[in-house]
Amino acid sequence: MTSIKIKMKDDCADLFPKKAHPDDAAYDLRAAVDVTLEVGKSTLVPTGIFMEIPVGFEAQIRPRSGLALKHNLSLTNSPGTIDAGYRGEVGIIMFNPGPEAFAVHRGDRIAQMVIARLAEVELVSADTLSETTRGAGGFGSSGTK
């Protein structure tokens with residue numbers, strides 16, 4: 001098992017990332033402060049979390065489905081990536097498309113975090129690529145049904 005070191009900001013020990021259920025894929029991240037998400041704006045919400053992610057891993061930050069469904073909230077940078085070399089506080093860029101301002105309170109679950117192993121790959125220059133049935137078709141090329 002791989003260990004991820006988590007350091008919490010002073011007075012934020014109660015915000016330590018946790019899974020709601022043992023078999024969940026993601027850890028819930030909570031707001032460290034009260035903040036209002038204004039309509040049409042992205043807002044950086046601090047979590048009080050600092051991490052030491054091992055080389056070969058990343059933390060992926062994703063929206064919470066309940067906030068999306070019930071309040072139309074999302075994350076501007078989704079999924080966000082936290083790299084192994086980053087040691088600053090984890091912040092969540094929340095977006096409120098409206099129709100009204102939304103209050104986030106300290107301790108509210110605002111995002112989820114998945115720790116993922118990175119594949120070791122090498123990007124190589126090529127003059128040609130192999131042919132496929134799809135080819136260069138993208139963005140709706142497979143139809144709507």
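Values below: every heavy atom of this structure, side chains too, minus hydrogens, waters and symmetry copies.
- In the hydrophobic cluster analysis, where Ile, Leu, Val, Met, Phe, Trp and Tyr join through side-chain heavy atoms closer than 4.5 angstrom, Ile110 is grouped apart from Ile93.
- For the residue pair Ala59 and Ile115, the shortest heavy atom distance occurs at CB-CD1, 3.8 Å.
- Residues meeting the side-chain contact (heavy atoms from CB on, under 4.5 Å) test with Pro63, sequence neighbours left out: Ser74, Leu75, Ser78.
- The distance from the CD1 atom of Ile92 to the CZ atom of Arg64 is 11.5 Å, given to the nearest 0.5 Å.
- Every residue two or more places apart in sequence or in another chain that forms a side-chain contact (heavy atoms from CB on, under 4.5 Å) with Arg117 is listed here: Thr2, Phe57.
- Annotation: side-chain hydrogen bond (donor to acceptor under 3.5 Å, both in side chains) contacts of Asp28 (sequence neighbours excluded): Arg109.
- Among residue pairs with one or both ends in residues 69-88, none qualify as salt bridge (Lys or Arg N to Asp or Glu O under 4.0 Å); sequence neighbours excluded.
- Residues Phe50 and Tyr27 do not share a hydrophobic cluster, clusters being chains of Ile/Leu/Val/Met/Phe/Trp/Tyr side chains in contact below 4.5 Å.
- Under the 4.5 Å side-chain heavy-atom criterion for Ile, Leu, Val, Met, Phe, Trp and Tyr, Tyr86 and Ile61 are members of the same hydrophobic cluster.
- With sequence neighbours left out, the salt bridge (Lys or Arg N to Asp or Glu O under 4.0 Å) criterion links Lys9 to Glu89.
- Partners of Gln60 under the side-chain contact (heavy atoms from CB on, under 4.5 Å) rule, at least two apart in sequence or in another chain, are Glu58, Arg62, Val114, Ala116.
- Phe102 is linked by a ring-ring contact (aromatic ring centres under 6.0 Å, His included) to His71, counting only residues two or more places apart in sequence or in another chain.
- For Asp24, there are no salt bridge (Lys or Arg N to Asp or Glu O under 4.0 Å) partners at least two apart in sequence or on another chain.
- Applying the under-4.5 Å side-chain rule to Ile, Leu, Val, Met, Phe, Trp and Tyr, the cluster around Leu123 consists of that residue alone.
- Residues satisfying the side-chain contact (heavy atoms from CB on, under 4.5 Å) test with Ile6, not counting sequence neighbours, are Ile4, Met8, Phe16, Pro17, Ile49, Met51.
- When the shell of 6.0 Å around NZ of Lys7 is examined, it contains 12 or fewer heavy atoms from other residues, nucleotides or ligands.
- Counting heavy-atom neighbours within 6.0 Å of Asp127 CG, excluding the residue itself, gives a total of 12 or less.
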Review item, side-chain donor-acceptor pairs of residues 29-46, under 3.5 Å, at least two apart:
{"residue": "Arg30", "atom": "NH1", "partner": "Gly107", "partner atom": "O", "Å": "2.7"}
{"residue": "Asp34", "atom": "OD1", "partner": "Arg106", "partner atom": "N", "Å": "2.7"}
{"residue": "Ser42", "atom": "OG", "partner": "Thr76", "partner atom": "OG1", "Å": "2.6"}

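- The stretch residues 95-105 participates, sequence neighbours left out, in no side chain to side chain donor-acceptor pair (under 3.5 Å) pair at all.
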